[in-house]
**Q** 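One structure, as C-alpha cells, below. Some questions next.
Just so we're clear, the structure is a prediction, and the values are computed from it rather than from any experiment. Index from 1, following the sequence.
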Amino acid sequence: MIESQATTMKDIAERFGVSISTVSRALSGSPRVRKDKRDAICQYAAQHNFYPNDIAKSLRLSKRQPVKVIGVIVPEFTHYYFSSVLTGIEERASERGYRIIITMSKESYDREVQLCQMFEAHQVCGVIVSQAKDTTEYDHFKSLQQKGITLVFFDRICTGVNASLVVVDDYMGAFNAVTHLINTGCRRIAFYGMKGNAVIGKNRYNGYRDALLKARVECSEELVHEAITPDILRMENRPDAFFCVNDDTAIGVMYTAKRMGFKVPDEISVCGFTNGNRAIACDPQLTTVEQRGKEVGREA
C-alpha cells in the first residue's frame, strides 16, 4: 500500500534525529554526512516516496510536457555490478536531460509491486528494472506498460512480459570460463549458483554444464551447490576447481579454501562472474568474467 500523506524533509530529520540541512546534504550525496547515515536516510526517503523538490516538481509537470524522469529498481545496492550499472544509467540519462529515481526492492516481490505502483502514480516516462529473486507474477510490470510507461529489464530479466532486455551473454560467459578451467588442466569442476529460478542463474549453469559435456569432463549433480560450505573440500574426491555465479561467491570459496590450507590456484582454481573491485583486491587476484555493468546501464 502506497502512503497517501507526503513525507517531508522535516519528517525525515525527526526520524533520524538530525537537522533538515543534514537530510538535504545526505539526499544530495554530500560526503559531509557519514556514509552509513547517508545511506540510511536515502533508503528511508525512497521507502516513503520522498524526493528532492526539483524532482518532485518534474513529476508534477503538465501532460503537455514530457516528464523527464526515469525510475530504476535494483534488488540491492551491495553488489558492485548493480552500482556500475547505475553509473551507466545516470551518465546516459544526464546526457539526455533526464533525472533518475533509484529504488531497491530488497529481493521482495511485494516491495517491487509497491515501487512500480509509485512510479505509475507519478507518471514517470520509463522504468528500468532488475527483478527480485522471488518474483513469479508480473501484473505490476504489465500495468506500467498499459499506462504507456516504457519498461526495460536488465540482468534479471522477466520472461513473462514483452519488454526490451539488456543483458550480457551469461551462457557464453560461463561456457568460456569453464572451458578456460578445463584448458588449464582442471577435471573436477564444481558449480556454485544461486537460489531461485532467475534466468541468469540457469543460463550460467547451462554454460557450465555444456562446457563440461563438450570436453567430456565429469558433470555430476554432486558438484552443483547453492551455498558455500567447507564440506565439499573435505570430500575424498574433492573438486580441483570452482566456477561461481558471481564474484562474491567465488571470493567466499577462495577464502574457505585458503583457510583450510589449500593453495589457490595451485591446488584449487576459482573463477567468478562480474569483475568487480573486490576481484582485483584478492590475493591471488580472482579469475572472473567481465560483465560490463556500466555499458549495460548506458544501453538500458
Side-chain angles (χ1 to χ4, degrees), residues 1-79 82-132 140-141 143-144 147-151 297:
M1 180 70 78
I2 300 299
E3 298 182 5
S4 58
Q5 182 153 1
T7 298
T8 66
M9 199 173 290
K10 181 180 178 182
D11 295 332
I12 300 174
E14 291 177 350
R15 166 67 176 77
F16 287 93
V18 297
S19 66
I20 292 177
S21 60
T22 297
V23 173
S24 178
R25 285 194 289 269
L27 294 175
S28 65
S30 171
R32 294 175 60 187
V33 182
R34 199 173 67 244
K35 185 179 184 303
D36 59 340
K37 178 72 73 175
R38 186 171 70 236
D39 291 346
I41 289 173
C42 289
Q43 182 176 326
Y44 182 86
Q47 289 173 345
H48 292 78
N49 308 329
F50 175 84
Y51 308 104
N53 289 338
D54 53 350
I55 294 180
K57 182 178 179 181
S58 296
L59 292 171
R60 293 194 298 268
L61 286 175
S62 164
K63 290 184 179 180
R64 291 174 296 179
Q65 297 176 279
V67 181
K68 305 199 75 173
V69 175
I70 298 171
V72 182
I73 304 175
V74 297
E76 52 191 349
F77 295 140
T78 55
H79 285 301
F82 289 125
S83 66
S84 63
V85 171
L86 291 173
T87 297
I89 291 174
E90 199 283 328
E91 285 184 356
R92 178 56 61 87
S94 180
E95 290 168 3
R96 301 295 180 85
Y98 286 78
R99 296 180 182 272
I100 61 172
I101 299 174
I102 302 170
T103 62
M104 179 173 59
S105 67
K106 296 183 178 180
E107 302 289 12
S108 164
Y109 164 77
D110 291 335
R111 176 156 173 75
E112 187 177 81
V113 170
Q114 291 178 351
L115 294 172
C116 285
Q117 291 173 345
M118 177 189 72
F119 288 141
E120 183 179 312
H122 286 311
Q123 298 180 323
V124 299
C125 64
V127 175
I128 299 172
V129 57
S130 179
Q131 73 175 38
H140 53 304
F141 295 138
S143 181
L144 289 171
K147 294 297 191 298
I149 297 174
T150 300
L151 185 64

**Q** Distance from Ile100 atom CD1 to Ile89 atom CD1, nearest 0.5 Å?
**A**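 So the gap between those two atoms works out to 6.0 Å.
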**Q** Measuring only between side-chain heavy atoms, which start at C-beta, is Phe119 closer than 4.5 Å to Ile101?
**A**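 Yes - at least one pair of side-chain heavy atoms lies under 4.5 Å apart.
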**Q** With a 4.5 Å cut-off on side-chain heavy atoms, are Thr150 and Cys125 touching?
**A**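 Not in contact.
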**Q** Which atoms form the tightest heavy-atom contact between Lys37 and Phe16, and what is the distance?
**A**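 Answer, listing the atom of Lys37 first, then Phe16: NZ-O, 3.9 Å.
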**Q** Does the side chain of Val85 come within less than 4.5 Å of Val74's, by heavy atoms?
**A**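 The answer is no; the side chains never approach within 4.5 Å.
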**Q** At their closest point, which heavy atom of Ser105 faces which heavy atom of Ile73, and how far apart are they?
**A**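 Distance-wise, the nearest heavy atoms are CB-CG2, 4.0 Å.
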**Q** Rounded to the nearest 0.5 Å, how far does CE of Met9 lie from OG of Ser21?
**A**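 Output value for this atom pair is 10.0 Å.
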**Q** Quick one: pull up CD1 in Ile20 and CD in Glu14 and give me the separation to the nearest 0.5 Å.
**A**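 The distance works out to 8.0 Å.
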**Q** From Gln43 CD over to Lys106 NZ, what is the distance, rounded to the nearest 0.5 angstrom?
**A**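 Gln43 atom CD to Lys106 atom NZ measures 4.0 Å (nearest 0.5 Å).
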**Q** Show every salt bridge (charged side-chain N to carboxylate O under 4.0 Å, His left out) that has at least one partner inside residues 107-132, sequence neighbours left out.
**A**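 Sorted pair list: Glu107-Arg156, Glu120-Lys147.
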**Q** I need the single residue from Arg96, Glu90, Arg92 that forms a side-chain contact (heavy atoms from CB on, under 4.5 Å) with Ser94. Which is it?
**A**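 Testing Ser94 for a side-chain contact (heavy atoms from CB on, under 4.5 Å) against Arg96, Glu90, Arg92 leaves exactly one candidate, Glu90.
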**Q** For Val124 versus Ile149, what's the shortest heavy-atom pair and its separation?
**A**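 Looking at all heavy atoms of both residues, the shortest contact is O-CG1, 3.5 Å.
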**Q** Has Lys68 got a side-chain atom pairing as donor or acceptor with Ala93's backbone, closer than 3.5 angstrom?
**A**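 Such a contact is absent between Lys68 side chain and Ala93 backbone.
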**Q** Please list, chain by chain and in numerical order, all residues satisfying salt bridge (charged side-chain N to carboxylate O under 4.0 Å, His left out) with Lys10, sequence neighbours excluded.
**A**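 For Lys10 there are no salt bridge (charged side-chain N to carboxylate O under 4.0 Å, His left out) partners, ignoring immediate neighbours.
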**Q** Indicate the atoms forming the closest heavy-atom contact of Val33 with Ala26, along with that distance.
**A**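 So the minimum-distance heavy-atom pair works out to CG2-N, 3.8 Å.
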**Q** Just to verify, which of Leu86, Val127, Leu115, Val129 counts as forming a side-chain contact (heavy atoms from CB on, under 4.5 Å) with Val72?
**A**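 In the set Leu86, Val127, Leu115, Val129, the residue that makes a side-chain contact (heavy atoms from CB on, under 4.5 Å) with Val72 is Leu86.
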